[in-house]
Student: 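I'd like to ask you about the structure that follows.
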There are 2 protein chains.
Amino acid sequence: MNKKLSDFELDVMSIFWRVNKASAPQVHELITENKEVSYSTVKTIVDRLEQKSAIKRESLQGRTIFYAPAIKQESLSTPLLKGFLRRLFSNRPQQLIAQLIENEELNNDDIEKLEKMLAEKKSTQRKSKK
Amino acid sequence: MNKKLSDFELDVMSIFWRVNKASAPQVHELITENKEVSYSTVKTIVDRLEQKSAIKRESLQGRTIFYAPAIKQESLSTPLLKGFLRRLFSNRPQQLIAQLIENEELNNDDIEKLEKMLAEKKSTQRKSKK
DNA sequence: TTTTTATATCTACAAATGTAGATTATAGAG
DNA sequence: CTCTATAATCTACATTTGTAGATATAAAAA
């Protein structure tokens, strides 16, 4: 992958990550559930994502092109999370996590998984004298 | 505050949030610890932040202008976190938190605070049958 | 086979962004 | 009081981004 992706491009990527394979008309359909944009606009973004090698042509049906992600979500989210944490949370992961716990939905399974991870981290750190 | 802030603008805001009050030369000094940009460039960003009412003139020393944040970090981070979560974590806070726990540093105090918050959330949800 | 319609392709453009040189002005040094 | 260095102001520009109309074209419908 070459370059940074814009917000709109990431919106479209998030659709590809969700449905895995989609044509531009389908992406348009999904996008317009949230905001009204013309087909042309969406297709331009899809083209740019292909240019940037974030998606690739996967198959054809008639002359309709189906695309699929060419990069994994984590390969973008991991570096971007660093920047986000720095710019908006002064590099304090604790603050960011706290805000998520307060404002976002977590079911009990999620919570228990996270509790396990925290406990694990604590003991690891004790061992390594962190 | 009027408009969205760009990445570079957020970089500069993060400095203001950290030091609270700074002149353009000082911001330049701090920014160049990480990347080389000319004073002009930094001053342009500072001007744009003032235009966008994200910072305001706070005092003068000679003809040096000191600026201070005009918006709180949370007032930006809260809405931006929503978008970030949606675009890069498919709206799954659990994933985002997990990644932070795995990759970022948390001291034991942080961890214990978070554990408390999680426990609290779990019991609240039990009560409200979530 | 002709018509219609759905897609793709092409072109365009204003606004935002990252970047910085040139110019002006003034506070502080001497 | 004059000079100088530093900071502000002004101007500029290539690139990216969001946005979409116009046009071509092929598949599907009639």
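Throughout, protein chains are lettered first and strands after them, A, B, ... in sequence-line order, and every chain is numbered starting at 1. Everything numeric here is computed off the predicted structure, so don't read it as measured data.
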Student: More than 12 heavy atoms of other residues, nucleotides or ligands under 6.0 Å from CD of E112(A): yes or no?
Tutor: yes
Student: Indicate every side-chain donor-acceptor pair of residues 6-15 of chain A with a distance under 3.5 Å to a residue at least two apart or in another chain.
Tutor:
from   : atom 1 : to     : atom 2 : distance (Å)
S6(A)  : OG     : E9(A)  : N      : 3.2
E9(A)  : OE1    : S6(A)  : N      : 2.8
E9(A)  : OE1    : K52(A) : NZ     : 2.8
E9(A)  : OE2    : K52(A) : NZ     : 3.2
D11(A) : OD1    : R86(B) : NH1    : 2.8
D11(A) : OD1    : R87(B) : NE     : 2.8
S14(A) : OG     : D11(A) : O      : 2.7

Student: Which residues in residues 23-32 of chain B have a heavy atom closer than 4.0 Å to any atom of DNA chain D?
Tutor: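 Residues of residues 23-32 of chain B under 4.0 Å from DNA chain D: A24(B), P25(B).
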Student: Is D47(A) salt-bridged to K43(A), going by a charged N under 4.0 Å from an acidic O?
Tutor: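 Yes, charged N to carboxylate O under 4.0 Å.
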Student: If you count heavy atoms of other groups shown closer than 6.0 angstrom to NZ of K56(B), is the number above 12?
Tutor: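 Result for NZ/K56(B): enclosed.
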Student: Please tell me whether S90(A) and Q73(B) have a donor and an acceptor in their side chains that are separated by less than 3.5 angstrom.
Tutor: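 Short answer, yes.
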Student: Using atom types as modelled and distance alone, determine if a side-chain donor or acceptor of S123(A) lies under 3.5 Å from a backbone N or O of E120(A).
Tutor: yes
Student: Taking T78(A) for its side chain and S75(A) for its backbone only, find out whether a donor-acceptor pair lies under 3.5 Å.
Tutor: no
Student: Can you pull out how bent the helix from dT1(C)-dA30(D) to dG30(C)-dC1(D) is, comparing the axes over its first five and last five pairs, to 10°?
Tutor: 10°
Student: Please list, one pair per line, the donor and acceptor atoms closer than 3.5 Å that link side chains of residues 34-42 of chain A to other protein atoms, with sequence neighbours excluded.
Tutor:
from   : atom 1 : to     : atom 2 : distance (Å)
S38(A) : OG     : S40(A) : N      : 3.4
S38(A) : OG     : T41(A) : N      : 3.2
S38(A) : OG     : T41(A) : OG1    : 3.1

Student: Do any side-chain nitrogens or oxygens of Y39(A) fall under 4.0 Å of OP1 or OP2 in dT19(D)?
Tutor: no
Student: What is the distance from CD of E50(A) to P of dC10(C), rounded to the nearest Å?
Tutor: 12 Å
Student: How are the rings of F89(B) and F84(B) set relative to one another: parallel (under 30°), tilted (30 to 60°) or perpendicular (over 60°)?
Tutor: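 F89(B) and F84(B): tilted rings.
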Student: Treating primed atoms plus P, OP1 and OP2 as sugar-phosphate and everything else as base, which nucleotides of nucleotides 16-24 of chain C get B, S or - for protein heavy atoms under 4.0 Å?
Tutor: SBBBBBB--
Student: Would you kindly give the CD-to-P distance between Q61(B) and dA27(C), to the nearest whole Å?
Tutor: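 Distance, rounded to whole Å: 13 Å.
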Student: Within residues 12-19 of chain B, find the residues that approach DNA chain D with a heavy atom at under 4.0 Å, and present them sorted by residue number.
Tutor: none
Student: Less than 4.5 Å apart, side chain to side chain, heavy atoms only: is that true for K21(A) and S59(A)?
Tutor: yes
Student: Separation of K43(A) atom NZ from dA6(C) atom P, in whole Å?
Tutor: 17 Å
Student: Between L49(A) (CG) and dG18(D) (C1'), how many Å, whole number?
Tutor: 13 Å
Student: Applying the 4.5 Å side-chain criterion to the ILVMFWY set and letting contacts propagate, would V27(B) and F66(B) be lumped into a single cluster?
Tutor: no
Student: Test K121(A) against E102(B) for salt bridge (charged side-chain N to carboxylate O under 4.0 Å, His left out), laying out the working first.
Tutor: CA-CA 8 Å; K121(A) 192 175 185 83; E102(B) 279 189 356; over 6 Å; no
